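Below: the structure, in structure tokens.
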Amino acid sequence: MLRALPGDFWRLWLVGMVTTTVRWLETVAVGIVVYQQTDSPFLVAVITMLRLLPMGLFGAFLGAFAERFDRRLTLAGLLGLLAVTSAALSAIAWTGPLDIWLLALGAFVNGCGWATDNPLRRMIMGEAVGRDRMATAMALDVGAANASRMVGPTAGGLLLAGIGIEGAFLLSAILYLTAIAATLAVHSRLPPSPGAGAILGRTWEAIAIVFRDQRLAATMLVTVIYNVFAWPFTSMIPVIARDRLQLGPEGVGILTSFDGIGAFAGALALAMWLTPGWHARGYVGGVAVYLLGVIGFALAPDPILAGAALLLTGLAGAAFSTLQATIVYLAAPTEMRSRVLGVLSVCIGTGPIGFVWLGWLASRIGAAEAMVITGALGLLALAATQPLWRRI
């Protein structure tokens, strides 16, 4: 099965693994630094939220915008921007403490690169492997991303403890250079689409398709529920780990990696055994189990139970992440896949609502209590929308 996948898939797979490693490395390191400087769970959530904000602001337009250019070169250029940003932050950090606004700016720029993942990298990947192997390709891609969630948080915590935030950003810049090299080695080409100049019109056309197609609309709805009520809990992991579990930077990084361990195992299992008949159940069920894991993590009295809860969120998150892009890619009209994947990025970009809500609530009643309430609200939202997501 793995040998049947083309070389371009593995190059793009490597790009995804590297960029996700950097994302988690920086998320943990920056989250710890922000909390050390401010003692504010709200600011930790806001900084993490800025990595998602570009999806909500620009996601729908990026799919149409990407159709105007060679997607491989566009992806390489964006990775170059991310490398320069991380290198600049590292250089500034060597001279003294980084201001919070600089960390916020770096998070936002990183989010701009993240917002292009579906309409650029995964679009090229889908064309390279074809419809029949898309689910397998996505499972392996999610597996790589989640393997990086084992490495990235641990590396971020260790670098922060041993060198400082400047070491974390320097490693990020080096890793981005390897991703650029892998991108430029891709042979597949997606030439600019004819008539791709009317970005607003083509964007609206994709949105209209999503609203008309019940399967696409229901998939997007579940994505919104996940990103508003489930995903934001990751911003509170450093807060819970330090205040409730009494862990240092190294412990925070290792604990966070348990989510990645579970997700990596889940993605490998999906790659071997997933069948189309389980797409809808795995997708929606993954969100429900993830929310239960969030509540379990918030209530865990010690690091062992907290790690077990994160293993559960990882397993469930793997099902959700694998099937999210797969269902949208297969359901979208062929000529509109890039644009519909851009709409998916907007739905993912609703996450800032959840991050701001969770951070605000945590600053008033405590991080653990805020996570339990938010997880319960997510389960209620999932139950209330059952007539809609049954159409997936």
Side-chain angles (χ1 to χ4, degrees), residues 8-27 30 49-90 102-128 141 144-145 148 152 169-193 196-197 199 202-203 325 337-346 348-349 351-352:
D8 277 350
F9 164 78
W10 292 111
R11 297 180 187 99
L12 293 164
W13 177 88
L14 176 62
V15 173
M17 184 171 185
V18 168
T19 54
T20 310
T21 298
V22 172
R23 186 177 306 133
W24 278 97
L25 184 157
E26 292 187 357
T27 296
V30 170
M49 172 271 291
L50 288 172
R51 296 180 186 273
L52 279 172
L53 187 60
M55 288 192 181
L57 294 177
F58 314 126
F61 304 104
L62 286 172
F65 181 78
E67 293 179 342
R68 303 180 63 184
F69 305 98
D70 183 308
R71 290 169 177 80
R72 179 184 68 98
L73 296 178
T74 304
L75 178 59
L78 286 167
L79 291 170
L81 173 63
L82 298 179
V84 169
T85 301
S86 293
L89 289 172
S90 177
L102 282 172
L103 294 173
L105 178 63
F108 184 81
V109 173
N110 183 278
C112 290
W114 193 0
T116 65
D117 195 56
N118 281 317
L120 280 179
R121 187 183 67 87
R122 283 184 165 173
M123 179 65 188
I124 304 171
M125 183 180 289
E127 295 303 305
D141 189 49
S148 70
F169 280 123
L170 178 60
L171 179 58
S172 296
I174 294 171
L175 289 173
Y176 278 132
L177 292 178
T178 66
I180 293 170
T183 301
L184 293 176
V186 170
H187 300 296
S188 299
R189 296 291 188 274
L190 286 175
S193 301
I199 293 177
R202 294 171 71 84
T203 299
R337 282 174 178 158
S338 181
R339 281 173 279 166
V340 174
L341 286 169
V343 176
L344 174 63
S345 292
V346 173
I348 297 171

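These numbers come from the heavy atoms of this one structure, side chains and all, not from hydrogens, waters or symmetry mates. Being a predicted model, the structure only gives us computed values, none of them experimental.
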Sub-4.5 Å side-chain heavy-atom contact between F169 and L103: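 SC-SC contact between F169 and L103 confirmed.
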Side chain proximity check, L73 to L184, heavy atoms < 4.5 angstrom: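 Yes; the side chains approach each other to less than 4.5 Å.
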What distance separates [X] [atom1] from [Y] [atom2], expressed to the nearest 0.5 Å?
{"X": "D141", "Y": "T20", "atom1": "CG", "atom2": "OG1", "result": "7.5 Å"}
{"X": "I124", "Y": "T183", "atom1": "CD1", "atom2": "OG1", "result": "7.5 Å"}
{"X": "L79", "Y": "L175", "atom1": "CG", "atom2": "CG", "result": "11.5 Å"}
{"X": "I180", "Y": "L82", "atom1": "CD1", "atom2": "CG", "result": "8.5 Å"}
{"X": "R121", "Y": "L78", "atom1": "CZ", "atom2": "CG", "result": "13.0 Å"}
{"X": "T85", "Y": "F108", "atom1": "OG1", "atom2": "CZ", "result": "11.5 Å"}

Suppose we screen for side-chain contact (heavy atoms from CB on, under 4.5 Å). Which residues come up paired with [X], at least two apart in sequence or across chains?
{"X": "A173", "result": "S86, A87"}
{"X": "I174", "result": "L170"}
{"X": "L14", "result": "V18, A182"}

Considering residues at least two apart in sequence or located in another chain, which fulfil the salt bridge (charged side-chain N to carboxylate O under 4.0 Å, His left out) criterion with R23?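 For R23, no residue satisfies salt bridge (charged side-chain N to carboxylate O under 4.0 Å, His left out) once neighbours in sequence are set aside.
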Counterpart residues, side chain to side chain donor-acceptor pair (under 3.5 Å), relative to T19 (two or more places apart):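 T19 satisfies side chain to side chain donor-acceptor pair (under 3.5 Å) with no other residue.
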Please enumerate all residues that pass side chain to side chain donor-acceptor pair (under 3.5 Å) together with S90, with sequence neighbours excluded.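 W94.
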Is there a donor-acceptor pair under 3.5 Å between the side chain of D8 and the backbone N or O of V186?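 A pair under 3.5 Å: no.
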What are the two closest heavy atoms between G111 and P54, and how far apart are they?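 Minimum heavy-atom contact is C-CG, 3.5 Å.
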side-chain contact (heavy atoms from CB on, under 4.5 Å), that's the test. Do L89 and L102 meet it? Break it down for me. CA-CA 8 Å; L89 289 172; L102 282 172; 4.2 Å; yes
